[in-house]
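These notes concern the structure reproduced below.
Note that this is a predicted model, so its numbers are computed, not measured.
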Amino acid sequence: MPEKPRPRLLVLESLPTISGGQQVLLDMIPALRAVGDLRVLLPAEGPLSKALGAFDVPCTFASLGDYTLVQKTLGDVLAYAARLPYLTLHVRRLIRSEAIDLVYANSARTFVWGTFAAALAGRPILWHHHNLLGDEKTLALLRTIGKLPAVRRILCVSEAAARQFPALAAKTVVIPNGVDTEKFRPVPAWRAEVRNALGISGDAPVVGMVGDLIALKGQHVLLEAVQHLPAGVHTVIVGDPRPGDAASAAYGRRLREMAGPNVHFLGRREDLPEVLNALDLLVVASERETGPLVLLEGLACGVPALSTPVGRAPDLLSAEMLFPVGDSAALEARLQDRLAEPQKLRAAGDAARSVALQHASLERFQSRIREEIEATLAPRKSLDNL
């Protein structure tokens with residue numbers, strides 16, 4: 001009897017770079033490959049296609065068009081609408097030519113045309129919802145598209161993300177992100193290497209943020225807060241403006257204008273575990289988040305975190321480690337308190353590592369993703385068998 005062919009999966013991704021959602025995709029590869037053969041559709045070559053190539057994952061490319069991801073103008077809406085038919089038909093052809101069994105949309109930006117393409121090709125689609133959407137028109141559209149039968153499941157990284165689809169509760173499931181606690185771990189040698197490269201002494205206090213340079217992430221809040229800290233405190237900003245995003249580029253310029261002499265802009269780094277080890281405190285100042293993934297990565301490296309009450313932060317951090325969105329004075333006070341007691345800060349680092357080990361298992365995350373894909377691919381029971 002011939003061996004049954006493995007299912008074929010098509011992943012849709014909206015960015016060529018690697019931010020939180022794209023790192024989650026890379027972390028999912030073992031779970032996806034355990035189920036079937038995999039290929040990924042990207043908007044262009046870049047860091048993500050390079051990383052996928054290292055896993056021998058084949059990639060194909062189709063431009064999504066030029067428009068901003070966060071604050072959408074009328075021009076952005078028109079650009080999206082103009083590109084929608086092409087992307088829908090292109091993906092439908094790809095599904096048919098590659099005999100795809102399941103479409104996996106890893107970005108809200110791919111949900112609409114990905115769903116239309118899957119429906120036209122007669123294939124199921126899973127949505128992986130990583131973000132909290134601030135645009136009500138976009139939300140209304142997705143809530144409508146999500147009702148289509150082709151959308152079998154909406155995998156949400158937090159309860160807050162799931163609550164954005166109140167009428168689709170039967171389709172939503174919450175699967176919190178996990179983190180590789182072997183890759184992200186405390187290593188004193190990494191701390192020394194990164195500090196030496198930056199010209200920072202081993203005992204100097206260092207605070208930092210990681211993320212795309214967009215106002216939503218709140219790097220300006222941190223720079224406002226550190227202005228009044230002691231002169232010996234160093235601030236590390238990891239991340240770049242988003243490619244092709246004029247607002248993000250302008251924000252990046254604004255941050256550099258705000259920066260004092262002890263602020264280090266590192267751009268996008270491939271050695272994030274090493275850089276996180278160089279910090280005494282990680283700051284998450286986002287206006288809204290469903291994760292964020294860097295919070296888990298920092299905790300896994302044994303770095304205490306101060307955060308706005310976004311995503312899983314209220315569940316993973318104590319109340320005194322939280323500060324209100326946009327409140328640089330409150331953040332300054334939290335930083336002053338924590339940096340004044342280095343011994344307690346080290347103990348907090350040990351506790352941070354324990355939190356990551358207990359609540360951010362990558363293996364559990366991968367297992368749940370695999371279960372959802374397998375359940376979607378399983379043949380539905382016919383009425384005759386009920």
Side-chain angles (χ1 to χ4, degrees), residues 6-64 91 94 98 100-107 109-110 114 126 128 130 155 157 175 177-185 187 189-190 193-194 197 210-212 238-244 266-278 291-294 296-298 300-301 356 360-370 372-373:
R6 282 166 55 82
R8 308 195 76 182
L9 314 179
L10 174 63
V11 177
L12 308 179
E13 178 51 61
S14 64
L15 290 178
T17 53
I18 301 176
S19 296
Q22 294 71 44
Q23 183 57 54
V24 171
L25 169 58
L26 296 173
D27 289 338
M28 286 195 302
I29 287 176
L32 297 172
R33 277 192 162 155
V35 178
D37 296 330
L38 174 66
R39 72 181 302 117
V40 179
L41 175 70
L42 299 171
E45 293 186 357
L48 184 54
S49 62
K50 181 180 178 182
L52 289 166
F55 286 101
D56 293 323
V57 174
C59 297
T60 187
F61 305 96
S63 173
L64 273 59
V91 175
L94 186 60
E98 296 293 331
I100 298 298
D101 297 291
L102 172 71
V103 181
Y104 196 108
N106 192 52
S107 161
R109 195 180 179 193
T110 69
L126 296 182
H128 200 151
H130 300 274
L155 315 182
V157 302
I175 303 180
N177 290 328
V179 65
D180 186 344
T181 54
E182 287 300 311
K183 177 181 178 182
F184 291 91
R185 68 188 193 277
V187 180
W190 290 350
E193 288 170 7
V194 173
V210 178
D212 292 345
V238 180
D240 282 327
R242 286 180 170 171
L266 306 191
R268 194 175 301 276
R269 297 287 292 238
E270 300 294 330
D271 58 341
L272 189 54
E274 290 87 337
V275 173
L276 287 171
N277 266 270
L293 192 62
V294 71
L296 305 182
E297 294 167 341
C301 287
S361 165
L362 181 59
E363 292 76 15
R364 187 184 307 118
F365 166 76
Q366 291 171 337
S367 176
R368 295 194 63 189
I369 293 294
R370 177 177 176 176
E372 291 295 335
I373 295 173

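- Between the CG atom of Asn106 and the CG atom of Leu25 there is a distance of 5.0 Å, given to the nearest 0.5 Å.
- Side-chain contact between Leu276 and Trp190 is absent, with no heavy-atom pair separated by less than 4.5 Å.
- At least one side-chain heavy atom of Leu52 sits under 4.5 Å from a side-chain heavy atom of Leu42.
- Applying the salt bridge (Lys or Arg N to Asp or Glu O under 4.0 Å) definition to pairs two or more places apart or across chains, those involving residues 16-41 are Arg6-Asp37, Arg39-Glu98.
- Scanning all heavy atoms of the two residues, the minimum distance from Ala44 to Pro16 falls at O-CB, 3.5 Å.
- Checking side-chain atoms of Arg268 against main-chain N and O of Ile18 turns up a donor-acceptor pair under 3.5 Å.
- For the pair Asn277 (side chain) and Arg185 (backbone), a donor-acceptor distance under 3.5 Å is present.
- Residue Gln22 comes nearest to Ser19 through the heavy atom pair OE1-N, 2.9 Å, listed as atom of the first residue, atom of the second, then distance.
- Residues Pro273 and Cys301 approach most closely at O-SG, 4.0 Å, considering heavy atoms.
- Counting heavy atoms from C-beta outward, Leu48 and Leu26 have side chains that approach closer than 4.5 Å.
- Under the salt bridge (charged side-chain N to carboxylate O under 4.0 Å, His left out) criterion, Arg368 pairs with no residue, sequence neighbours left out.
- Pro7 has its side chain out of reach of Leu102: every pair of non-hydrogen atoms, C-beta onward, lies at least 4.5 Å apart.
- Proximity of Phe365 to Val24: side-chain heavy atoms (C-beta onward) are separated by under 4.5 Å at one or more points.
- Side-chain atoms of Glu372 never come within 3.5 Å of backbone atoms of Ile369 as a donor-acceptor pair (strictly under, hydrogens ignored).
- Legend: residues meeting side chain to side chain contact (heavy atoms under 4.5 Å, CB included) with Asp180, ordered by chain and number and at least two apart, are Glu182, Lys183, Leu362.
- Contact check for Leu15 versus Ser107: no side-chain heavy atoms found under the 4.5 Å cut-off.
- Here the shortest heavy-atom pairing between Val238 and Gly267 reads CG1-O, 3.4 Å.
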